[in-house]
Amino acid sequence: MDLHLKSALNDKQYIGASTIEGPVLIIAGAGSGKTRMITYRIAHMLEQGIPQSHILALTFTNKAAAEMAERVRDLTRAKLPKLTTSTFHAFGVMVLRAEISHLGYDNNFTIYDQADIMALIKNVVRELKIPLEEVDLYELNNLFSSIKTKRSVWTAETSQYREIYDEYLLHLKAYNAVDFDDLIMLPLRLFEEHPAVLEKYRSRFNYIMVDEFQDTSHAQYKMVLLLASEHRNICVVGDDDQSIYSWRGADYENLVNFERDFPEVTEIKLEQNYRSTGNILHAANSLIANNTKRKKKNLWTGTEHGRTIVLHHPEDDEQEAQFICSKIKELSFSHGLTYVDFGVLVRTNSLLSTLEQAFLQEQIPYTVSGGQSFFSRKEIKDVIAYMRLLTNPDDNMNFLRIINTPRRGIGRVSIESLRSYAKSHHLSLFSAVSKLAYDMNAPIRDRLRDTCREFTELIELYKSRLFSKRDMAKTIRNLVGDIDYRDHLISEHPDNERIVQWKMKNIEIFINMFERWEKNPDNLDPNIYEYLNRISLTTKDDNDKETGKVNLMTIHASKGLEFNTVFLAGVEDHIIPHARSIEEDEMNIEEERRLFYVAITRAQQSLYMTSCSQRKVMRELIDTIPSRFIEEIPQELITHEEADAESTPEQAVDFFAKLKAKLAT
């Protein structure tokens with residue numbers, strides 16, 4: 001392997017990639033080729049004889065981790081099965097799968113997603129006989145996350161919820177489950193309370209790299225500090241100007257903490273931008289210079305100035321969506337762009353629906369990044385869990401998901417008893433329930449025995465029907481009716497019939513999908529196992545590969561991505577900066593400015609911004625004003641375009657000339 005490090009990288013990237021001993025802090029501006037530098041750095045470490053198993057590279061998205069690993073493999077032309085490139089949370093899972101027994105859990109624990117957590121909190125509230133209308137489940141979830149991650153402490157105002165929190169933790173352990181915060185906090189606890197575990201991972205990972213370091217929380221930084229404080233071979237790469245996740249615990253001041261904890265640090269700045277044109281970069285630099293708490297840097301590019309930034313002023317959000325659709329169609333034709341070249345960014349999820357409706361109407365294929373998969377909706381996961389248990393009654397994870405869905409009066413204490421009984425008799429949980437259902441000598445209450453019998457008979461009945469291979473979809477439809485799932489939804493949402501109807505409609509859509517697949521004549525042997533495997537493998541839609549899909553997403557979701565052309569919608573005060581930030585303090589405004597900076601620097605060639613005169617909020621048209629951030633961009637970089645702007649005769653002639661040429665090919 002010969003990397004030709006000097007010729008492959010610019011001077012600053014070369015220093016970053018070749019400095020592999022001791023602590024290194026790399027300030028990497030937007031579009032400065034940091035991923036290229038990181039992958040060359042890892043490849044260089046391998047070239048220098050450092051074993052792949054000694055390297056740990058951490059980042060924040062699965063996509064970034066996979067891309068990093070793939071690039072290193074391409075550079076080294078090696079498979080590298082022992083190289084660990086991972087998200088923080090995936091690393092936490094790796095540690096917990098091996099070590100969680102030290103904390104009293106089984107290694108085959110379940111990871112609860114947001115829907116599971118909300119359902120569990122609701123269940124705890126009910127068991128404590130607290131009226132649901134007296135608590136805000138969403139606020140409770142946020143509070144519990146803040147308490148668990150030590151972003152908050154109990155106060156006189158919040159201590160009334162402490163009993164719910166304690167029961168929530170007990171329920172998680174009873175179900176042998178962890179939540180998303182546990183994937184960081186429990187490994188940290190293992191490292192702090194079990195020195196042998198810490199030493200095991202310290203001795204394994206002698207070289208640590210952290211990408212997007214400005215997004216680390218206090219707990220994540222502490223985890224890295226514990227692992228690296230002995231060998232001190234740690235490289236962190238970040239940009240305080242792109243720190244946009246304080247709401248989930250990220251603290252860009254970890255850059256300062258790093259310099260304090262590693263005073264011998266080597267600092268390197270990557271300031272050459274390879275992504276954006278000169279005008280886009282000039283706008284971004286001018287904007288972010290208004291933030292006071294930042295490391296000074298000035299991104300530069302060797303490319304041309306490029307087009308000016310277009311600021312369009314539609315009357316309302318419907319005209320805004322129509323403008324974006326029309327412009328995407330025009331640019332894809334006149335500039336030969338495919339749909340995947342476009343990114344449409346918004347500050348908040350509430351702005352997505354009008355844009356989605358316009359894309360559907362104009363038949364523009366799009367994908368909503370970060371949006372919830374259909375198969376991830378709670379009601380669909382519940383039905384799938386029943387299907388999985390019918391095909392494999394020994395599936396403890398899905399048993400625990402549905403034993404109380406709908407509620408059957410089996411509380412935490414009963415679950416703990418069932419798990420204890422199953423473990424002592426070497427049985428799965430369903431086998432334990434089946435045994436207890438008919439064992440009159442078992443030390444359980446009659447009511448629990450009756451519940452066990454009813455559940456066993458339900459599963460056995462539908463299992464036999466499902467495996468008859470006739471009308472499998474109809475069988476699942478009948479099961480949903482027999483368990484009174486609709487009544488379960490009504491009890492979950494007593495004051496919202498629309499949500500109940502929507503969720504039941506989703507279930508019907510799912511069953512209809514199953515039915516179409518089952519009756520497809522191309523399926524020579526349709527069976528439930530094959531369909532469940534298809535669901536497991538359903539991660540993305542690969543249609544429209546040639547032209548791709550427009551990327552519709554929040555600015556937060558766009559972090560780390562780049563597009564030829566970016567549309568930034570809703571550039572208005574109270575949207576960006578967000579109303580909450582305006583009401584609070586200057587630090588919040590600075591984070592909103594960083595968010596706007598991230599949005600601008602996603603664009604490679606063209607940037608369009610839209611600022612409406614009015615916007616529909618809760619069915620009411622509200623007058624709006626342009627974002628204050630627009631004034632922080634040099635006005636010579638912006639072309640203002642009013643709502644009624646029409647094409648010039650020259651543009652029309654050019655358009656038809658290109659149309660004629662395209663039809664002639």
Side-chain angles (χ1 to χ4, degrees), residues 280 307-371 541 543-555 557-558 561-572 575-576 599-600 602-617 619 621 624 626-627 630 638-648 651-652 654-656 658-659 662-663:
I280 291 172
R307 307 179 188 99
T308 56
I309 296 165
V310 174
L311 176 58
H312 183 64
H313 298 277
E315 283 297 316
D316 57 32
D317 47 345
E318 289 185 5
Q319 284 193 19
E320 174 182 60
Q322 194 56 52
F323 165 77
I324 291 172
C325 287
S326 299
K327 190 60 72 172
I328 286 173
K329 285 186 170 182
E330 176 194 325
L331 293 173
S332 62
F333 181 81
S334 62
H335 288 70
L337 300 176
T338 58
Y339 285 131
V340 77
D341 292 320
F342 297 98
V344 181
L345 313 184
V346 295
R347 170 63 181 86
T348 61
N349 280 305
S350 61
L351 272 63
L352 292 173
S353 58
T354 304
L355 290 163
E356 282 197 76
Q357 289 172 31
F359 285 150
L360 289 169
Q361 185 177 331
E362 295 296 323
Q363 297 184 316
I364 296 174
Y366 70 94
T367 179
V368 180
S369 297
D541 186 352
N543 294 334
D544 306 307
K545 284 182 180 177
E546 188 176 332
T547 56
K549 297 182 179 182
V550 173
N551 296 273
L552 177 57
M553 61 184 68
T554 63
I555 301 172
S558 74
L561 303 178
E562 57 187 45
F563 305 99
N564 177 284
T565 301
V566 165
F567 290 88
L568 183 52
V571 185
E572 299 144 26
I575 292 180
I576 186 162
I600 290 173
R602 299 312 94 196
Q604 296 171 313
Q605 297 294 325
S606 302
L607 175 62
Y608 292 82
M609 301 188 294
T610 53
S611 178
C612 296
S613 302
Q614 295 180 309
R615 186 170 294 279
K616 195 175 289 182
V617 179
R619 299 183 181 177
L621 273 176
T624 60
S627 169
I630 293 173
I638 298 176
T639 298
H640 291 263
E641 189 176 290
E642 298 306 319
D644 58 355
E646 296 181 357
S647 298
T648 64
Q651 287 173 320
D654 184 52
F655 176 83
F656 284 110
K658 286 180 177 174
L659 176 60
K662 188 164 187 176
L663 291 173

Next on the checklist: What's the separation between atom CZ in Phe359 and atom CD1 in Ile324, rounded to the nearest 0.5 Å?
Outcome noted: 6.5 Å
Item to check | Closest approach of Pro314 to Ser611 (non-hydrogen atoms, all atoms of both residues) | outcome: CD-O, 3.5 Å
Item to check | Ser332 vs Thr338 side-chain heavy atoms within contact, under 4.5 Å | outcome: no
Checklist entry - What distance separates Leu607 CG from Arg307 CZ, expressed to the nearest 0.5 Å? => result 11.5 Å
Next on the checklist: Using 0.5 Å steps for rounding, measure from the OG1 atom of Thr639 to the CE atom of Met609.
Outcome noted: 10.5 Å
Checklist entry - Can you check side-chain contact (heavy atoms from CB on, under 4.5 Å) on Ser613 and Glu315, steps first, answer last? => result CA-CA 5 Å; Ser613 302; Glu315 283 297 316; 4.3 Å; yes
Checklist entry - Closest heavy-atom contact between Gly548 and Pro365? => result O-CG, 3.8 Å
Checklist entry - Sub-3.5 Å donor-acceptor pair from the side chain of Ser627 to the main-chain atoms of Val571, do we have one? => result no
Checklist entry - Taking atom types as modelled, is there a side-chain donor on Glu320 or Thr610 under 3.5 Å from an acceptor on the other? => result yes
Next on the checklist: Run the side-chain contact (heavy atoms from CB on, under 4.5 Å) test on Val368 and Glu356 for me, step by step, so that the C-alpha distance in whole Å, both residues' side-chain angles and the decisive distance to 0.1 Å come before the verdict.
Outcome noted: CA-CA 9 Å; Val368 180; Glu356 282 197 76; 3.8 Å; yes
Checklist outcome for this item: To the nearest 0.5 Å, atom OG1 of Thr367 lies from atom CE of Met553 at 7.5 Å
Checklist entry - Can Val344 and Asn551 be said to form a side-chain contact (heavy atoms from CB on, under 4.5 Å), step by step? => result CA-CA 6 Å; Val344 181; Asn551 296 273; over 6 Å; no
Checklist entry - With Arg347, which residues qualify under salt bridge (Lys or Arg N to Asp or Glu O under 4.0 Å), at least two apart? => result Glu592
Next on the checklist: Using side-chain heavy atoms (C-beta onward) and a distance below 4.5 Å, is Ile364 in contact with Tyr339?
Outcome noted: yes
Next on the checklist: Are Ile555 and Val346 packed together at the side-chain level, in the sense that at least one heavy-atom pair is separated by less than 4.5 angstrom?
Outcome noted: no
Checklist entry - Do Tyr608 and Lys327 pass the side-chain contact (heavy atoms from CB on, under 4.5 Å) test, and can you show the C-alpha distance, the side-chain angles, and the key distance before you say yes or no? => result CA-CA 10 Å; Tyr608 292 82; Lys327 190 60 72 172; 4.0 Å; yes
Checklist entry - Heavy-atom distance under 4.5 Å between the side chains of Arg615 and Leu621, does that happen here? => result no
Checklist entry - Can you say whether the rings of Phe323 and Phe567 are parallel (under 30°), tilted (30 to 60°) or perpendicular (over 60°)? => result perpendicular
Checklist entry - Is there a donor in the side chain of Ser558 and an acceptor in the side chain of Arg602, or the other way round, less than 3.5 Å apart? => result no
Item to check | From CD1 (Ile575) to SG (Cys612), nearest 0.5 Å | outcome: 7.5 Å
Item to check | Within-4.5 Å side-chain heavy-atom neighbours: Thr554 and Thr348 | outcome: no
Checklist entry - When rounded to the nearest 0.5 angstrom, what distance separates CG in Leu337 from CG in Leu331? => result 6.5 Å
Checklist entry - Which pair of heavy atoms, one from Leu355 and one from Leu351, lies closest together, and at what distance? => result CD1-O, 3.6 Å
Next on the checklist: If you define the side chain from C-beta out and look only at heavy atoms, does anything of His312 sit under 4.5 Å from His640?
Outcome noted: no
